[in-house]
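Below: one structure, written as structure tokens.
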Amino acid sequence: MIHGFLSLIVTLLVINAFFIIVSRIKESRREVQRHRELTRRVRQLRLCKMLSYLGVELDEYARALPPYDTESHVRNCKGCEALETCDACLRDGKIVWDMNFCPNYGSLIKHSKTIADHR
């Protein structure tokens, strides 16, 4: 009787462990997909060039920052009204001392330690 009960408990623990492992695998796959989608979206924007300008690798950025922050950066970049200044800085290589024209600059600088620590 006790042997049967212990076998049942062991079986339930194994089944539970199996479901936990499967759940973590699914979660990991979702995270990889989110990372791919995010990097694809950022590559389409000036944000990608801004990250490069600031010396931040896109993969590190996408892994280190919370999704809310990256989504905010994408929205800010899409709605930016300082495109001429941004292009002069990023495309033409014009040195711009005050980067506050970029709606993401303050946040990118704030998170630069987070990104650097993630490496």
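These numbers were taken from a predicted model, which means no experiment stands behind them.
In this structure the side chain of Met50 never reaches within 4.5 angstrom of the side chain of Val56, judged on heavy atoms.
A pairwise comparison of heavy atoms in Cys77 and Arg46 identifies SG-N, 3.8 Å as the closest pair. Considering every non-hydrogen atom in both Leu58 and Cys48, the closest pair reads CD2-SG, 4.2 Å. When all heavy atoms of Leu54 and Tyr105 are compared, the closest pair comes out as CD2-CE1, 4.0 Å.
Applying the side chain to side chain donor-acceptor pair (under 3.5 Å) criterion to Arg40, with sequence neighbours excluded, gives Glu37. Residues passing the side chain to side chain contact (heavy atoms under 4.5 Å, CB included) test with Asp98 are Asn100, sequence neighbours excluded. Checked against side chain to side chain donor-acceptor pair (under 3.5 Å), Arg34 has the following partners two or more places apart in sequence or in another chain: Glu31. Cys89 meets the side chain to side chain contact (heavy atoms under 4.5 Å, CB included) test with Tyr53, Val96, Met99, Phe101; sequence neighbours excluded. Residues that satisfy the side chain to side chain donor-acceptor pair (under 3.5 Å) test with Ser107, not counting sequence neighbours, are His73.
Residue pairs satisfying the side chain to side chain donor-acceptor pair (under 3.5 Å) criterion with at least one member in residues 76-85, sequence neighbours excluded, are listed as follows: Asn76-Asn104.
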Identify all side-chain donor-acceptor contacts of residues 16-26 below 3.5 Å with residues at least two apart in sequence or on another chain.
none

Please report, to 0.1 Å, the donor-acceptor pairs under 3.5 Å made by any side chain of residues 5-13, with sequence neighbours excluded.
residue: Ser7; atom: OG; partner: His3; partner atom: O; Å: 3.0
residue: Thr11; atom: OG1; partner: Ser7; partner atom: O; Å: 2.7

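Leu47 contributes atom CG, which lies 12.0 Å from atom NZ of Lys49 (distance to the nearest 0.5 angstrom). With rounding to the nearest 0.5 Å, the separation of CG in Leu90 from SG in Cys102 is 8.0 Å. Rounding to the nearest 0.5 Å places CG of Leu83 at 10.5 Å from CZ of Arg91.
Other members of the cluster containing Val32 do not exist, because no ILVMFWY side chain is joined to it at under 4.5 Å.
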Exercise. Go through the steps to decide whether Glu57 and Arg63 satisfy the test side chain to side chain contact (heavy atoms under 4.5 Å, CB included), and finish with yes or no.
Key: CA-CA 10 Å; Glu57 291 188 25; Arg63 285 187 183 99; over 6 Å; no

Exercise. Would you please test Val74 and Leu45 for side chain to side chain contact (heavy atoms under 4.5 Å, CB included) and show each step?
Key: CA-CA 8 Å; Val74 167; Leu45 301 169; 3.7 Å; yes

